[in-house]
Amino acid sequence: MTLTVTLPDGNALELQDGATGADAAASIGPGLARAALAVEVSHPEAGEAPELRDLSRPLPDGASLAIVTKKDGEKALELIRHDAAHLLAEAVLELYGGVKISIGPPIADGFYYDFEFPEGVTISEADFPRIEARMREHAKAAEPFQRRDVSPAEARERFAAEAQDYKVELIDDLVKNAPADRPLQSVSLYSNGPFTDLCRGPHAPSTKSVAALKLQSVAGAYWRGDSDRTMLTRIYGTAFFSQDELQQHLARIELAKARDHRKLGRELGLFMFSELSPGSPFWKPAGMAIWNSLTELWRKENLARGYREVKTPILYDVELWRQSGHWDKYKDNMYFTDVEDRPMGLKPMNCPAHIQIYNDERHSYRDLPVRYSEAGLVHRHEASGVLHGLLRVRHITQDDAHIFCTDEQVESEVVQCLRFGFDLYRLFGLQPRLELSTRPEQRIGSDEMWDRAEAALAGALASEGLEYELNPGDGAFYGPKIDLHMTDSLGRSWQLGTVQLDYSMPERFDLLYTGADNTEHRPVMIHRALLGSFERFIGIMLEHYGGELPLWLTPVQAIVLPVSDRFNDYAAAVRDELRDDGVRVELDDRNESVGRKIREAELRKVPYMLVVGEREQSEGAISVREHRGGDAGCTTVREFCERLHGQLYSPALKPRKTSERDA
RNA sequence: GCCGACGUAGCUCAGCUGGUAGAGCACUUCACUCGUAAUGAAGGGGUCCGGGGUUCGAGUCCCCGCGUCGGCUCCA
């Protein structure tokens with residue numbers, strides 16, 4: 001009996017019945033047999049997704065297969081990082097008594113394993129060297145990974161005997177969650193050396209593939225992500241096929257840290273934080289220049305798209321928050337105070353405020369859509385442990401807007417929001433990831449309403465041809481939403497923009513408009529923030545540009561550097577001329593050498609350094625030095641201003657003709 | 001909020017097992033009058049995060065707060 005499999009090059013390979021992935025690799029060649037880590041198996045005719053399997057498992061007849069080696073990039077790394085997670089658990093169990101193990105998957109760039117250490121035992125990075133040493137011993141020993149399929153009962157008994165409660169719970173859940181018509185027949189156990197784990201696999205043939213490993217950090221993590229359950233100790237690490245690749249990876253992380261907006265903010269004097277107001281940035285003059293340039297962009301672009309700017313209070317009678325539902329749903333994130341014995345709350349969102357404005361007038365269907373925009377300052381009591389520079393603050397300035405429109409207008413309004421958002425992000429060279437979050441368990445409104453709302457959002461995404469991830473059950477309690485996400489320098493994902501459909505607030509606040517039929521109708525609200533918040537957006541943008549912002553956003557666009565104080569007067573005249581021309585320019589007239597002035601301007605990332613001395617003064621000229629570019633030659637102030645003019649404003653901020661604006 | 005680590009001059013950091021603080025940069029002053037990434041010299045500057053405790057004596061050890069960092073949970 002033989003079986004036939006298809007190789008990636010399309011050739012068929014005939015093997016003995018019961019042949020394994022390792023046999024397939026060996027029959028292709030001894031080199032491949034040695035390099036093989038796992039095999040990717042798929043049945044194209046059955047439409048199954050490719051499945052990564054151990055080399056030791058028998059191959060199904062008719063399958064397509066690809067032998068995976070370390071040249072297969074992420075796929076291969078994921079495999080050995082999973083191996084490394086087992087090594088970690090193995091080492092920890094040997095070094096510490098009474099440890100309970102839970103789960104240890106590979107993740108982007110590494111792996112982790114979650115443990116419950118006995119009462120009183122804490123792990124810190126100081127413990128890493130000896131854990132790593134033990135892991136390396138086991139890796140060097142080339143312990144084969146052996147898979148064994150056993151009945152759930154046998155596995156359960158085994159882990160119960162070892163008091164591995166988490167494993168027992170996992171097995172019980174596997175049994176419980178199996179479909180009724182297909183009860184769970186077996187679970188797989190993987191052993192390497194003395195260590196055995198409940199594991200789906202696959203693994204490399206032995207631990208020796210983990211040629212380079214490093215433990216990176218230790219953190220708390222709730223069992224099954226549930227904050228009501230035990231907090232386990234999570235150890236993070238990473239692994240590579242060579243020490244070289246590991247070192248390169250660590251160097252990349254170090255490099256990324258140089259782009260951290262918190263570091264840049266301090267170095268460039270953009271903003272600061274004080275213990276006296278946690279989670280609240282203090283904007284320094286240089287940072288405020290960025291803020292104002294961004295605000296200018298925001299204001300012009302909103303006005304150009306039919307938004308009308310409003311400004312609303314931040315403190316309200318709690319009665320408003322009861323009516324809006326925030327008292328019930330959002331109280332824990334709000335700040336409250338008493339004003340002359342009257343309970344008041346700081347707004348965590350702008351919507352109820354904009355609703356007040358909407359309701360101050362009667363509206364005809366002819367008015368709709370009504371679009372109010374506000375650089376709205378909201379306060380949210382974010383848990384102390386989640387604060388993070390500008391990216392997670394308690395004092396948030398949203399580029400907020402609320403659109404009041406008819407049902408029929410919803411989809412086109414959402415499309416316009418998305419286009420607006422992408423126009424903005426494109427300006428900064430950012431490509432946001434999109435998520436569509438649908439109806440949550442806890443929600444208000446009829447199913448028909450949700451059907452319509454979700455269809456409208458999905459329709460808007462489809463009509464724009466946008467790719468997005470579905471995030472079922474994560475919508476707001478009042479409606480589904482589309483979120484725009486970006487990652488920071490260390491790859492952490494942050495939500496920036498959001499477009500949310502809301503049928504609830506209009507009900508709660510009895511919003512109305514008079515229709516063509518002369519009866520009253522309920523408008524729909526769209527909540528939207530595109531940058532998200534100025535704070536978070538500036539943080540992401542700083543990391544994206546590594547602090548070297550486009551000229552129109554740069555706090556100091558040019559700095560005049562007199563060669564000695566004999567030329568300070570001329571330098572001041574140059575400064576004044578540039579300033580009159582709208583350039584954000586500084587003069588460094590300190591009694592210092594040019595070398596020092598240049599060095600410091602370079603460190604401040606000032607795009608243009610204008611050196612003036614004897615020669616320039618006599619010729620009425622300036623010597624231009626570009627940040628990173630070096631000496632760019634001599635020119636006149638006038639020529640220099642003309643050169644800059646195209647860059648002093650963002651492309652979108654350039655004055656446009658009315659005809660273009662209407663297009 | 002939870003777990004762990006950390007908190008020393010404006011910044012980056014040193015300070016062994018407890019004996020009342022140090023470097024570099026920054027800052028001030030003076031000299032130099034300077035040509036594309038650091039001129040030289042002198043000087044000033046610290047409630048060692050805050051509060052308790054142990055001790056003859058605490059930056060150092062213990063406890064409680066606060067903040068920051070890395071995660072987890074949450075979240076626009």
Side-chain angles (χ1 to χ4, degrees), chain A residues 107 112 114-117 122-127 216-236 257 260 262-263 266-267 269 272-279 330 332-333 348-351 376 378 380-389 391-394 396 398 400 437 474 476 481 483-485 490 492 494-498 500 527-529 531-533 535-536 561-568 590-604 609-616 623-634:
Chain A
I107 52 172
Y112 67 78
D114 285 349
F115 305 96
E116 184 185 341
F117 284 88
T122 57
I123 297 299
S124 76
E125 291 184 20
D127 301 302
Q216 292 171 295
S217 64
V218 57
Y222 298 109
W223 169 235
R224 305 212 132 172
D226 184 343
S227 59
D228 291 330
R229 304 199 63 177
T230 317
M231 174 148 287
L232 305 171
T233 301
R234 174 171 298 179
I235 298 177
Y236 285 94
K257 284 181 182 166
D260 190 312
R262 294 165 297 185
K263 185 173 157 71
R266 191 170 48 244
E267 288 171 353
M272 52 157 279
F273 289 90
S274 163
E275 290 195 9
L276 298 174
S277 186
Y330 212 75
D332 291 347
N333 282 304
M349 298 183 192
N350 300 300
C351 30
V378 299
R380 296 183 184 174
H381 175 239
E382 302 289 348
S384 58
V386 306
L387 300 178
H388 186 95
L391 300 183
R392 189 80 181 261
V393 293
R394 286 176 173 162
I396 308 165
Q398 296 181 311
D400 211 357
S437 297
D474 209 38
K481 57 184 184 137
D483 293 329
L484 287 73
H485 292 255
L490 289 174
R492 294 171 290 212
W494 299 89
Q495 185 197 308
L496 298 176
T498 184
Q500 311 180 342
H527 307 235
R528 63 101 286 210
L531 306 176
S533 74
E535 289 85 359
R536 184 173 283 182
L561 308 178
V563 162
S564 88
D565 55 14
R566 280 168 39 222
F567 309 107
N568 280 357
R590 292 175 307 158
N591 191 4
E592 291 291 351
S593 68
V594 220
R596 171 174 288 263
K597 291 178 183 179
I598 285 170
R599 176 180 158 78
E600 291 180 8
E602 287 282 358
L603 291 173
R604 288 174 65 192
M609 286 149 275
L610 311 176
V611 179
V612 296
E614 185 67 52
R615 197 170 65 233
E616 289 76 12
S623 279
V624 179
R625 179 191 166 97
E626 292 174 3
H627 175 55
R628 287 177 179 278
D631 198 334
C634 205

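So you know, we letter chains A, B, ... as the sequences are listed, proteins then strands, and number each from 1. What you see below is based on every heavy atom in this structure, not just the backbone, and it leaves out hydrogens, waters and symmetry mates.
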Outer limits of RNA chain B sitting under 4.0 Å from a non-hydrogen atom of chain A, read 5' to 3', are B/G1 to B/A76
Using a heavy-atom cut-off of under 4.0 Å over every strand shown, decide if A/Arg625 touches base, sugar-phosphate, or nothing. base
Please state the C1' separation for the pair B/U8 and B/A23 - nearest whole angstrom. 13 Å
For a quick check of understanding: with a heavy-atom distance under 4.0 Å over all strands, which category does A/Ala219 fall into, base, sugar-phosphate or nothing? base
Pick base, sugar-phosphate or nothing for A/Arg492, based on heavy-atom distances below 4.0 Å to the nucleic acid. sugar-phosphate
A/Arg604: what forms a salt bridge (charged side-chain N to carboxylate O under 4.0 Å, His left out) with it, not counting sequence neighbours? A/Glu586
Does the structure show a Watson-Crick or G-U wobble partner for B/G67, both distances under 3.5 Å? Name it, or say none. B/C6
Enter the distance from A/Thr233:OG1 to A/Ile123:CD1 here, rounded to the nearest 0.5 Å. 7.0 Å
For A/Arg392, report the nucleic acid contact type (base, sugar-phosphate, nothing); a contact means any heavy atom under 4.0 Å. base
Mate of B/C48 where both pairing distances stay under 3.5 Å, Watson-Crick or G-U: none
Just call it for A/Arg262: base, sugar-phosphate, or nothing, with non-hydrogen atoms closer than 4.0 Å on any strand. sugar-phosphate
Name the nucleic acid region contacted by A/Ser533, choosing base, sugar-phosphate or nothing; use a 4.0 angstrom heavy-atom cut-off, strictly under. nothing
Sequence neighbours excluded, which residues qualify as ring-ring contact (aromatic ring centres under 6.0 Å, His included) partners of A/Phe567? none
B/C2 and B/A9: how far apart are their P atoms, nearest whole angstrom? 28 Å
Inter-nucleotide P distance (B/G18, B/U12), Å rounded: 29 Å
Report which part of the nucleic acid A/Lys597 touches: base, sugar-phosphate, or nothing (heavy-atom distance under 4.0 Å, all strands). nothing
Under 4.0 Å, counting only non-hydrogen atoms across every strand here, what does A/Ser227 touch: a base, just sugar-phosphate, or nothing? sugar-phosphate
With sequence neighbours excluded, residues passing side chain to side chain donor-acceptor pair (under 3.5 Å) with A/Ser533: none
Pick the C1' atom in B/C13 and in B/U17, then give their distance to the nearest Å. 22 Å
Sequence neighbours excluded, the answer for side chain to side chain donor-acceptor pair (under 3.5 Å) partners of A/Asp260 is A/Arg262
Those residues that, when tested against A/Phe115, pass ring-ring contact (aromatic ring centres under 6.0 Å, His included) (two or more places apart): A/Tyr113, A/Phe117
Around atom CZ of A/Arg628, are there more than 12 heavy atoms from other residues, nucleotides or ligands closer than 6.0 Å? no
